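What follows is a single structure, and I will ask about it in a moment.
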Amino acid sequence: MRRTHQCGQLSTDSAGARVILQGWVNRRRDLGGLVFVDLRDRSGLVQVVIEPDSATFGDMEVVRSEFIIEVQGIVRLRPKEQRRVRLSESEGLDTGVIEVVAEKLTVLAEAQTPPFLIDGTVDASEVDEELRLRHRYLDLRRPEAAHPLLLRHRITKAIWDYLDSEGFVQVETPLLTLSTPEGARDYLVPSRTEPGSFYALPQSPQLFKQLLMMAGFDRYFQLARCFRDEDLRADRQPDFTQLDIEMSFVEQEDILALSEGLMHHLIREVLGRELALPFQQISYREAMDRFGSDKPDLRNPFELSDLSAAFSNTEFRAFRGALEAGGVVRALALTGTRLSRRELTQLEEVAKRRGAKGLAWVQFDGSAPKGPIAKFLGEAEVGALQALVPEGGTVLLVADSWTTACTALGAIRTEIPAVIGVELDDCALSFCWVVDFPLLEVEADGTFSYMHHPFTRARDEDLPLLETDPARVRAWAYDLVLNGNEIGGGSLRIHRHDVQSRMFELLGFTQEEAERRFGFFLRALDYGAPPHGGIAWGLDRLIMILAGASSLRDVIAFPKNQRGIDPLTGAPAPVEQEQLKELGLELRPTVGEGT
RNA sequence: GGAGCCGUAGUGUAGCGGUUAGCAUAUCUGCCUGUCACGCAGAAGGUCGCGGGUUCGAAUCCCGUCGGCUCCGCCA
């Protein structure tokens, strides 16, 4: 290796040293008789000065931004009046006080003018994101773009260290595996050796990690790549990374405690902050009741309340209809806040998007209620409403089924801070657990589907309900929530063949179907499966929040755009006819160009 | 599958019925020995995403389409 230092390593201590640096030209300032170059590598920037009497002065002529050059020279303190405490944003580096006087300058690689400025003078948000992703290798030269990846590295390092010290074993599970029904859409990979058959890329290593427990691996983890062929969002990529954890002979509290310990370690290591443990636990029911969400953001001060009783004799037809249909009247009280018509309309849109038929509102500016529904309100109802906003303000109301009313107001609750101009503390790390999820969800057609996944264990005391009232059965399932984002979820698993079969049955699988899809797994259960459970963290999302990013794309080296296309490589792309033939595949003429 | 926002030199933007399509920055040339977003002078650079329509006249208005982003559905 020729280089003796990295740019950012140099400091006043290096003064007088002869160094060889290699890096990119961040900027060039040509004063005619004197040329300055800011040289950049991963460690930071340092100023190189080429003096007119230098033998290498002429070499500078051709050098442009983003050329890669080697500079041999002497480090010296800058003239006193020319010292800059900080030239770069890189923490604490004081290369602004020194410079490298070039004795020899060699161009290692020329570079075209980049399609967007990457010298730190333009903020990334001002450049079209697609352009940046198409040239991601240029984008990542910017320290701000590279930062989330460096943070990511430190986070995964902390995870490895902590789990290793806790006796966990990292095991890799296959990427080419079996498609299992339901859940998300699978990515399929055709088999050449078994024409007509397909692998699926794993949506998660769920069954493999359970098999590892049956194999006696006690404590397992993996930074597992997972694949789900669903539409993308700012916080959803088709291939993403889970921290997958599974433990044997444990109960729910053991897994929560392990997760908390790990999170505490991680936050201390990468942010130098101390988390208060344990995290608050909120039941699913309570989370929905109070926050209208199963991933409540506890930084948000507003809460929902129930006014079903107060409106039991209401004359307001829309509310009475909802109550008679077995629904509820729920409210979101905004003490001291008045909203404009325009804002109320905007919020009503939010409620409607979540299935509410409308959004009612009442404002108190004294004791008289104002708003379109005020004239339908009896004295008791006005009293109940006013009790929610004793100092005046707005009450937003939705009457509907419990789920719809809670969800709609929950969505509004999330919007409120932005609407009324209150900022949630973005430095806060507000963790909580949501626990006691229902085992099952009732579909529109009245059938049951699992809420978490079909391997989730029901709470023992709720088991009798499976026959009488399955919707009320609670699961040993939990989600980890950070600032209103679901960043992890897990459960205790079924470890008995008979219980697992019963679960499949309940979910509408015929015995034959269950055998065909999960036979290998049911057989494994017959050979002695320990009680076990685990959790999977959405690693990308966690990093996104800790990096202060607003999109998963910022924390993934080479992300895909909203249509699942990688703007850099252009994937996915058509393949040669020959490749299809080998796989025994034929494209329908209407599909793609199919070259 | 659906809704919304956005597409103008390399980049970021102004212009919103008649402009030689403006500005900044980058690029190129010249000058410049202490700059650090160097400065100064000059030059080049535009199918106004694409197609159609309205109009005497369209970057501008209308329709369609393509692309990007955000959201709903979907994501055990």
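Here the structure is a predicted model, which is why all the values come from computation and not from measurement. Naming: A, B, ... by sequence-line order, numbering from 1 per chain.
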_Flag for A:D554-A:S551: side-chain donor and acceptor within less than 3.5 Å_ = no
*With RNA chain B as reference, determine whether A:D30 or A:G33 sits nearer its 5' end, using the nearest nucleotide of each.*
A:G33
*Any side-chain donor-acceptor pair under 3.5 Å between A:Q22 and A:D41?*
no
_When you measure from the side-chain N and O atoms of A:R354 to the phosphate of B:rC72, is any distance below 4.0 Å, counting only OP1 and OP2?_
yes
*Using a cut-off of 4.0 Å on non-hydrogen atoms, how would the nucleic acid contact of A:E99 be classed: base, sugar-phosphate, or nothing?*
base
*Considering only atom C1', compute the distance from B:rA9 to B:rU27 and round it to an integer number of Å.*
11 Å
*Write down the distance between CZ (A:R185) and P (B:rG1), rounded to a whole number of angstrom.*
10 Å
*Verify stack between A:F36 ring and B:rU35 base, 5.5 Å, 30 degrees*: yes
*Quote, to the nearest angstrom, the P distance that separates B:rG4 from B:rC62.*
14 Å
*Rounded C1' spacing from B:rA37 to B:rA24 in Å*: 12 Å
*In whole Å, what separates the C1' atom of B:rG46 from that of B:rA3?*
33 Å
*Does the side chain of A:R29 get closer than 4.0 angstrom to OP1 or OP2 of B:rC38 through an N or O atom?*
yes
_Please name the nucleotide paired to B:rG39 by Watson-Crick or G-U wobble geometry with both distances under 3.5 Å, or report none._
B:rC31
*For A:R236, answer base if it contacts any base atom (sugar-phosphate contacts may also be present), sugar-phosphate if it contacts only those atoms, and nothing otherwise; contact means non-hydrogen atoms under 4.0 Å.*
base
*Would you find more than 12 non-hydrogen atoms of other residues, nucleotides or ligands less than 6.0 Å from A:R516 atom CZ?*
yes
*Rounded off to whole Å, could you give me the CG-to-C1' distance for the A:L117 and B:rU11 pair?*
7 Å
*Once you round it to whole Å, what is the distance between P of B:rA26 and CD of A:E126?*
14 Å
*Would you kindly give the CZ-to-P distance between A:R83 and B:rU35, to the nearest whole Å?*
14 Å
*A:I50 CD1 to B:rU33 P, straight-line distance once rounded to whole Å*: 15 Å
_Set of residues satisfying side-chain contact (heavy atoms from CB on, under 4.5 Å) with respect to A:K357, sequence neighbours excluded_ = A:D400
*Write down the partner of B:rA21 under the Watson-Crick or G-U wobble criteria, each distance required to be under 3.5 Å.*
none
*Does a salt bridge link A:R236 with A:E230, judged by any charged N lying under 4.0 Å from a carboxylate O?*
no
*Would one find a side-chain N or O of A:R28 under 4.0 angstrom from OP1 or OP2 of B:rC36?*
no
_Checking contacts here: which listed nucleotide (B:rU11, B:rC74, B:rC36) is nearest the side-chain heavy atoms of A:L131?_
B:rU11
*Please list, chain by chain and in numerical order, all residues satisfying salt bridge (Lys or Arg N to Asp or Glu O under 4.0 Å) with A:E515, sequence neighbours excluded.*
A:R523
*May I ask you to test the A:L466-A:R502 pair for a side-chain heavy-atom distance under 4.5 Å?*
yes
*May I ask you to say what A:L31 touches in the nucleic acid, namely base, sugar-phosphate or nothing, with a heavy-atom cut-off under 4.0 Å?*
base
*State which residue, out of A:L10, A:I50, A:L39, fulfils the side chain to side chain contact (heavy atoms under 4.5 Å, CB included) condition with A:V100.*
A:L10
*Counting only Watson-Crick or G-U wobble pairs whose two distances fall under 3.5 Å, which nucleotide matches B:rA14?*
none
*asked:* If I take atom CG in residue A:L138 and atom P in nucleotide B:rA26, what distance separates them, rounded to the nearest angstrom?
replied: 17 Å
*Could you encode protein contacts along nucleotides 64-69 of chain B as a string, one character per nucleotide from 5' to 3', using B for base contact, S for sugar-phosphate-only contact and - for no contact, with a heavy-atom cut-off of under 4.0 Å?*
---SSB
*B:rC75 P sits how many Å from A:K295 NZ, rounded?*
14 Å
*Looking at A:Q82, does any N or O in its side chain come under 4.0 Å of the phosphate oxygens OP1/OP2 on B:rU35?*
yes
*Phosphate contact (B:rC38 OP1 or OP2) by A:R27 side-chain N/O below 4.0 Å*: yes
*Select base, sugar-phosphate, or nothing to describe what A:R76 touches, counting heavy atoms under 4.0 Å on all strands.*
base
_Under 4.0 Å, counting only non-hydrogen atoms across every strand here, what does A:P115 touch: a base, just sugar-phosphate, or nothing?_
sugar-phosphate
*asked:* Let's test this: given Watson-Crick or G-U wobble pairing with both distances under 3.5 Å, identify the partner of B:rG7.
replied: B:rC66
*Counting any heavy atom closer than 4.0 Å, what does A:S204 reach on the DNA or RNA strands: base, sugar-phosphate only, or nothing?*
base
_If you only use heavy atoms from C-beta on, which nucleotide in B:rC75, B:rU27, B:rG34 is closest to the side chain of A:E51?_
B:rG34
*Between the side chain of A:Q500 and the main-chain N/O of A:P454, is any donor-acceptor distance below 3.5 Å?*
yes
*Return the value, rounded to whole Å, for the distance between atom CZ of A:R64 and atom P of B:rU27.*
8 Å
*Residues A:Q222 and A:T173: side-chain donor-acceptor under 3.5 angstrom*: yes
